[in-house]
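If you read the sequence from its start, that first residue is 1, and numbering goes on from there. Only a predicted model underlies this, so the values are computations on that prediction, with no experimental measurement involved.
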Amino acid sequence: MEKLMEQMNAELIGAFTGCGYDGKYARVTLSNRPDLCEYQCNGALAAAKQYKKAPLLIAQEVADGLSDSRIFDSVEAVKPGFLNIKVRTDYLADYLCRMLECTDYGNEKTDHPRTIIIDYGGPNIAKPLHVGHLRSAVIGESIKRMGRYTGHQMIGDVHMGDWGLQMGLIIIELKERQPDLVYFDESYEGEYPSQAPFTILELEEIYPTASAKSKADEAYKERAMQATYELQQGRRGYRALLMQIMNVSVNDLKKNYENLNVSFELWKGESDAQPYIPAMVQKMKDDGYAYISEGALVVDVKEDTDTKEIPPCMILKSDGASLYNTTDLATIVQRMENYHPSEIIYVVDKRQELYFTQVFRCAYKTGLVSKDTQLKFLGFGTMNGENGKPFKTREGGVMRLSLLLHDINQKMYQKIADNDTMSQEEAEKTAKIVALSAIKYGDLSNQASKDYIFDMERFTSFEGNTGPYLLYTIVRIKSILKKYEQSGGSAEGCPILPAASESEKALMLEISRFNGMIAAAFEELAPHKVCAYLYDLANAFNHFYHETKILAQEDIKRQAGNIRLLELCKGIMETCIDVLGFAAPERM
């Protein structure tokens, strides 16, 4: 379905060219003075220079040519040469009727679907998720949903940290505690146990204990480094133990991500990329890209246009060990071989931008990907406490994500329970749904690259630019529709009528802007633009609601038309929150 803005542009192009002016000047934009008009066009100002004519005269000619427009109710030329535009109410009503009839409310899927891998999450095995993992999960999930909604094949990869010294530390600490486990017997040739020798709680205690020991005991650290080396060289018992660590950790991670309504198509880790490293490194050497510098194997990635120093990308350390760079490059090889993506998006802390600049340049230079494959870095800012510093517990430690979710669930439950309108079970279920909206919308409504303050009081408020406010608006619409149905009303097949008030027209205009909005936000990797649209739509509805008799409307046709308008508004709002990764309850 053609977007309303596209139809207006086409109408305006016809008027400009009909007056002898280039159609490139005919571009409609949202009005920056909504008190004066709904849309505007500034093309006459730009055309004045080319045609050596006063912009107001050009604007007046175009306005005169649109006096009998099928789309515009009024087009007014004002100094110094603006065109102030208002849309016809009957045309707008007809447009919304067509939106109701179309799949996805007229939002067309892309004509050029891409296979896109999105790398987000980045948890470490044997460590609990903490608040530092929130933004990657929430932003990445939303972008994946946006891409899928617009017709792309989206593949989310959690990309776990399951390689390196942390694995060696766990192995050594476990060996000290349970030396008789068959995993440590190098002569053992049988099947290893299917049951892990630890629980997730024990595993989460083992790592910090081992890490602390390694800092205080050099010999202990040496043993851990040796265990890491043997694991990476394929020692059978250690590899089996790694699989046990992975299974226990992944099962726990899936539960935690599920609480955030976040899921992944791929549960790959750094270890999955290891088989690709030898051939990749050899090719870099054979092709003349990799060379030895101070004992390490590196690839130069600086460019003549660089205004600051870009260090070489290190591929192997002097002892031959791989690094994060090596693993990330090998992961690109693996992804290209297995999934052939046209794009890979990395949702990570913005402080890693230099690192990913090195990795991306190395991947392009060495031919791991073609120039047609897009490698994109989406860096996000930090989530800070009310003191403006990175979010911490009251004791000053890094807060577990599960604890943050628990605290905000409790906060929301108390607010809902205080209303005393539902059972404890329903209040608890509703609180979880609304609390998730508070967390996700509180994060996503900010531009991803910017830091933001996590303000629990504001985020859980039912007023203002918050998730609960949006859900309350949807629940209000649901309640009206339910009461209408219970009263015996049926609006099926009824048309949306031309607006009878300014607030009704404002709501209709806001709804009409939905088409293409998510696609545009996805191309910019900007979930905050979906949030901004959703908030504007909720405000427009609530203004209309407070000024309009909907169920008390005596004109049956207008009442049915308003019900259809509400159905469309609810459907669009629910589509938007689903793209953002949360849902609305039946009541609040």
Side-chain angles (χ1 to χ4, degrees), residues 4-5 29-40 86-87 89 92-93 95-96 99 105 107 142 415 434 437-447 452 455 457-481 496 499-518 520-521 526-551 561-580 582-585 587-588:
L4 181 62
M5 191 76 82
T29 61
L30 280 173
S31 172
N32 56 20
R33 285 290 305 276
D35 56 317
L36 298 177
C37 58
E38 296 154 359
Y39 292 91
Q40 67 185 61
K86 289 187 178 180
V87 181
T89 55
L92 185 59
Y95 186 82
L96 265 59
M99 285 181 71
Y105 310 111
N107 248 316
S142 177
K415 288 191 174 192
V434 182
S437 80
I439 289 177
K440 286 198 163 186
Y441 189 83
D443 188 304
L444 293 170
S445 57
N446 299 277
Q447 189 172 336
Y452 76 94
D455 185 338
E457 278 299 328
R458 185 171 71 82
F459 286 4
T460 57
S461 174
F462 287 83
E463 297 177 354
N465 191 7
T466 69
Y469 167 71
L470 299 175
L471 297 196
Y472 189 77
T473 301
I474 294 172
V475 168
R476 172 175 275 168
I477 298 174
K478 286 183 176 182
S479 176
I480 296 169
L481 295 176
I496 294 173
S501 67
E502 285 300 316
S503 63
E504 184 174 4
K505 188 179 185 185
L507 173 59
M508 294 170 77
L509 283 168
E510 206 61 59
I511 289 172
S512 72
R513 292 168 188 147
F514 173 69
N515 283 344
M517 179 273 301
I518 293 176
H528 70 279
K529 294 200 169 182
V530 180
C531 294
Y533 171 79
L534 193 50
Y535 181 56
D536 287 344
L537 179 57
N539 283 340
F541 166 77
N542 283 311
H543 190 202
F544 166 71
Y545 168 79
H546 287 298
E547 287 195 354
T548 309
K549 292 180 179 179
I550 299 174
L551 295 179
N562 283 341
I563 291 297
R564 293 289 277 165
L565 182 63
L566 264 61
E567 288 174 351
L568 180 57
C569 184
K570 178 180 82 76
I572 286 173
M573 290 190 75
E574 288 179 326
T575 297
C576 289
I577 63 172
D578 181 65
V579 161
L580 295 175
F582 55 93
R587 64 191 191 117
M588 286 168 68

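The CZ atom of Phe462 sits 11.0 Å away from atom OG1 of Thr473, with the distance rounded to the nearest 0.5 Å. Within the model, atoms OG of Ser512 and OH of Tyr105 stand 15.5 Å from one another, a figure rounded to the nearest 0.5 Å. Distance OG/Ser461 to OH/Tyr472: 12.0 Å, rounded to 0.5 Å. Rounded to the nearest 0.5 Å, atoms CG (Leu92) and NZ (Lys86) are 13.5 Å apart. Atoms CG and CZ, from Asn465 and Phe459 in turn, are 9.5 Å apart once rounded to the nearest 0.5 Å. In this structure, Asn562 CG and Leu551 CG are separated by 9.5 Å, a value rounded to the nearest 0.5 Å.
Without hydrogens or angle criteria, Glu574 side chain to Ala584 main chain gives no donor-acceptor distance under 3.5 Å. Formation of a donor-acceptor pair under 3.5 Å by the Tyr533 side chain with backbone atoms of Met517 is not found in this model. Judged by distance alone, the side chain of Thr575 and the main-chain N or O of Gly571 form a donor-acceptor pair under 3.5 Å. For Lys478 (side chain) and Lys570 (main-chain N/O), no donor-acceptor pair under 3.5 Å exists by modelled atom type. Of the possible polar contacts, none joining the Lys440 side chain to the Ser142 backbone as a donor-acceptor pair under 3.5 Å is found. Checking side-chain atoms of Ser445 against main-chain N and O of Cys531 turns up no donor-acceptor pair under 3.5 Å. The main-chain N or O of Ala538 is found under 3.5 Å from a side-chain atom of Asn542 such that the two form a donor-acceptor pair.
Ring pair Tyr441/Phe582 is perpendicular by interplanar angle, where above 60° counts as perpendicular and below 30° as parallel.
When all heavy atoms are compared, the tightest approach of Met588 to Pro468 is CE-O, 3.8 Å. Closest heavy-atom contact between Pro527 and Leu580: O-CD2, 4.0 Å. When all heavy atoms are compared, the tightest approach of Ala499 to Thr89 is N-CB, 4.0 Å. Nearest approach of Arg513 to Glu38, heavy atoms of both residues: NH2-O, 4.2 Å. Minimum interatomic distance between Tyr95 and Leu4 (heavy atoms only, all atoms of both residues): OH-N, 3.0 Å. Residues Val87 and Lys505 come closest through the heavy atom pair O-NZ, 2.6 Å.
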Start with the C-alpha gap between Phe541 and Met573, add the side-chain angles, then the distance that decides, and say whether side-chain contact (heavy atoms from CB on, under 4.5 Å) holds. CA-CA 11 Å; Phe541 166 77; Met573 290 190 75; 5.6 Å; no
Any chance you could lay out the side-chain contact (heavy atoms from CB on, under 4.5 Å) test for Asp443 and Ile439, step after step, and finish with the verdict? CA-CA 6 Å; Asp443 188 304; Ile439 289 177; 5.8 Å; no
Using the rule given for side-chain contact (heavy atoms from CB on, under 4.5 Å), can you reason through Leu470 versus Ile474, listing the C-alpha separation, both sets of side-chain angles and the distance that settles it, and then say yes or no? CA-CA 6 Å; Leu470 299 175; Ile474 294 172; 5.5 Å; no
Intermediate values then yes/no, side-chain contact (heavy atoms from CB on, under 4.5 Å), Tyr39 and Thr29: CA-CA 6 Å; Tyr39 292 91; Thr29 61; over 6 Å; no
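Ile577 places a side-chain heavy atom less than 4.5 Å from the side chain of Leu471. Side-chain atoms of Thr460 and Thr466, non-hydrogen and from C-beta on, never get closer than 4.5 Å to each other. Within the 4.5 Å cutoff, side-chain heavy atoms of Pro585 are placed close to those of Val434. Ile563 has its side chain within reach of Ile550: a pair of non-hydrogen atoms, C-beta onward, lies under 4.5 Å apart. Counting heavy atoms from C-beta outward, Ser503 and Thr548 have side chains that approach closer than 4.5 Å.
Sparse packing is recorded around CD of Glu502, with 12 or fewer heavy atoms of other residues, nucleotides or ligands lying under 6.0 Å away. Heavy atoms of other residues, nucleotides or ligands lying less than 6.0 angstrom from OH of Tyr469 number more than 12. Annotation for Lys529: atom NZ does not count as buried by contact number, only 12 or fewer foreign heavy atoms lying within 6.0 Å.
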